[in-house]
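Residue numbers begin at 1 in each chain, while the letters A, B, ... track the order of the sequences.
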Amino acid sequence: MNTGRRVRTRFAPSPTGPLHMGGVRTALFNYLFAKKHGGDFLLRIEDTDQTRYVPGAEEYIIEALNWCGIHIDEGVSAGGPHAPYRQSERKAEGIYLKYAMQLVHDGHAYYAFDTPEELEAMRQRLTAAKVVAPQYNAIVRQSMKNSLTLSEDEVAKRIASGDPYVIRLNVPRNEEIRFEDIIRGWVSVNSAQVDDKVLLKSDGMPTYHLAHIIDDVLMEISHAVRGEEWLPSAPAHILIYRYLGWEEQMPRYAHLPLLLRPDGNGKLSKRDGDRLGFPVFPLNWTDPNTGEQSSGYREKGYYPEAFVNMLALLGWNPGTNQELFSMDELIQAFSFERVSKSGAKFDPEKTRWFNQQYLRKHSLHELALEFDKVLKSKNINRSQQFVERFCELIREKAHFVNEFWELGSYFFEIPGTYDSKVIEKKWNLTSSAAMNKLHAVFNQADSWDMSGINQMIAVVETGGDKVDKQLLRVLITGVSSGASLVEMMELLGKEDVVTRIEKALKALPEIK
RNA sequence: GGCCCGUUCGUCUAGGGGUCUAGGACAUCUCCCUUUCACGGAGGAAACACGGGUUCGAUUCCCGUACGGGCUACCA
C-alpha cells in the first residue's frame, strides 16, 4: 500500500463558511507532515454541495492559511499539474461521472430512483418496525426502486425519460472491512453497518465519498489526514477504492482527534462563534447572508505564530517539555505517532499565554513598529528610541500589543485626573511638602538619568521629607500602578516630569 | 437506539509491566523580588473512571461496566 512514494497531503475544505480553528489544525497537521517528509501540501476545494456554497468562503480559507504560515504548494490559488482543484470544475470535466459509470458497469454501484418522500417513508417504516439501523442497505434496497429491483427496460426507460436518479454504492451484505489508520491502528467494521452511500447525486454532482477518492488518487495523495468525524464512513471509502481497483494507490488514512468545546459538550463548531467568549475563527468573518459577524484571532491581536503553536499542541506533543515551537521546529518534530487519540478541549487562557510568550520573543524594533500604528492613529509622534524603550518597559505587563496603549498611555499624555484613592489616603501636608521640594530639586537638575533621579530623591529624604513613591507615581502618571517608577521618569525626561509634577501640584485639592 | 472511537491533575499532556512517593505546561494558591502592576524565582494544592482478570507485580496488557465523543443526509 503506497510505501515509499512521494508524500503528498491535502487539505480539502468545503467553502460553506469561514474555516474554524479545528479546520486550521487539520490543515496544519497535513502541512507539517508533508513538509517533514519533503513532500507537497495541496489545497482542494470541495464545493460539490451547491446549496451550501457561501461566497467569500474560499478566499477566507486561503487568506487564513496564508496568515498562519501554511503554504500551499499546489491547488486552488497555487495551480499545479492536476488542475482544476475545485471539484465543481472537475465535475464539469466529467471526471467523476466516468468512474461512477465504471462502478455501475462492474456491478459495484447502481441507479436508484427513490424520491425523497419514498426514502423518508422507508425510514419511518423501519423505525416503526424497530429496525436497529434504519438505512438504505443490502436488505432494504430489495424493496426500493433501483436498477437492482427494476427490470433493465424499466431502468433504461426511466433514465431516457429524465427521471431523477442517484448512483449508490452496492455494499455487500456481510463482509468484514478492515483498514489500518495511522493514528488508531486497525479498525474493523462489518459491511452490514455501512449503508449504500450515494456516490452521484441527482444533480450530477458527486458526493464527498466518491469525489475525494477519485481526486486523492488522481492527485497522487499519499496520506489522507482528516477529522475523526470521517472514521465511520472510512469503511465505505475502503470499499470504493477496492471496487475501483485502486488499492495500490489508496492513501494511508489518519483520523485526527476532534477539537472539543472548552465549556463542556460536543465538538467545536462554527456555530460557536464568539458565544463562548473567544474566537473560533482565525480571521474576522461577516456572513454574507445574515450579516452576522464573528471575530478572529488575527483581529483580536494574536500572533499567527502563537495561534499555530497553540493549535499544534492540541492533540500532538513532542514528547519533551518544549512548548514553544517555530513552524520549522514543528515540522522537524512532528509525527503521527505522537498524535493522541482522544479529543481535546482547548484552553483560551493558554492561548493568551502563548501570545504573551511570542510578545516577549519579538524584538523591541518589531514591537515599536506595531505600536507605532496605534500612535499614528492618535497623531502622536515620538522618536523610535522613545517608543522602543516604552515597549521594553510595558511589554512585560501585556499579552498583546493592543494592550500597550491602555497600559501605558500616560507615557504619551499628561494626566488630567489623579487616582482618587491614593490622593485621599496620601495627599497631606507632609507629603505635599515633600513633593514640592522634590519638584524644586528636579527642576534644578543638570543631568537626568536613573541614578541621578534616585540621588535627588535621597537628597530630599535626607532633608527629612519622606517621598512616597506611589504618590509620586500618581502625580506623574495619574494612575497608581505601571512601569517601574524611576525607569519611567528617566524615559519621560526632566522637562516632562517637572511639568507633570507642577501641574499635579496645582490641580490637587487644597490640603485639609 | 445502533455502530465506531476514546477515557492520567480544572485544561493540554508525559508515561507503552517494576525507576510512579505518577513528570511538565496553563489556570489557581502561598512566599520572595518589586514601597505599584506585571515579569521573574521558590513552593503548595490538584489526576491514573470503576469492576474483573493476566502477572511475582499493573497507570501501563485483556474483558466488562460507566462516562465522553463521533457517525447514523442526494452535507461535507
Short N/O separations, protein against nucleotides 39-46 of chain B, under 3.5 angstrom:
from  : atom 1 : to     : atom 2 : distance (Å)
B/C39 : O3'    : A/R360 : NH1    : 2.6
B/C39 : O2'    : A/R360 : NH1    : 3.4
B/C39 : O2'    : A/R360 : NH2    : 2.7
B/G40 : OP1    : A/R360 : NH1    : 3.4

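- Rounded to the nearest Å, the gap between the C1' atom of B/C61 and that of B/U54 is 8 Å.
- When the C1' atom is compared between B/G53 and B/G17, the two are found 15 Å apart, to the nearest whole Å.
- Proximity of A/K201 to the phosphate of B/A76: a side-chain N or O atom is located under 4.0 Å from OP1 or OP2.
- Taking only side-chain nitrogens and oxygens, A/R338 comes nearer than 4.0 Å to OP1 or OP2 of B/G15.
- With hydrogens and angles ignored, no donor-acceptor pair closer than 3.5 Å exists between the side chain of A/T207 and the base of B/C74.
- The base of B/A25 lies close enough to the side chain of A/K350 for a donor and an acceptor atom to sit less than 3.5 Å apart.
- Using a 4.0 Å heavy-atom distance criterion, A/R168 is classed as a sugar-phosphate-only contact.
- With hydrogens and angles ignored, no donor-acceptor pair under 3.5 angstrom links the side chain of A/R184 to the base of B/C5.
- Between the P atoms of B/G10 and B/C50, the separation comes to 13 Å (whole Å).
- B/U13 and B/A66 have their P atoms separated by 26 Å, given to the nearest Å.
- Here the rule is side chain to side chain contact (heavy atoms under 4.5 Å, CB included) with A/Y303, and of A/N309, A/L359, A/V308 only A/L359 fits it.
- A salt bridge is defined here as a Lys NZ or Arg NE, NH1 or NH2 lying under 4.0 Å from an Asp or Glu carboxylate O, and A/D347 with A/K350 fails to meet this definition.
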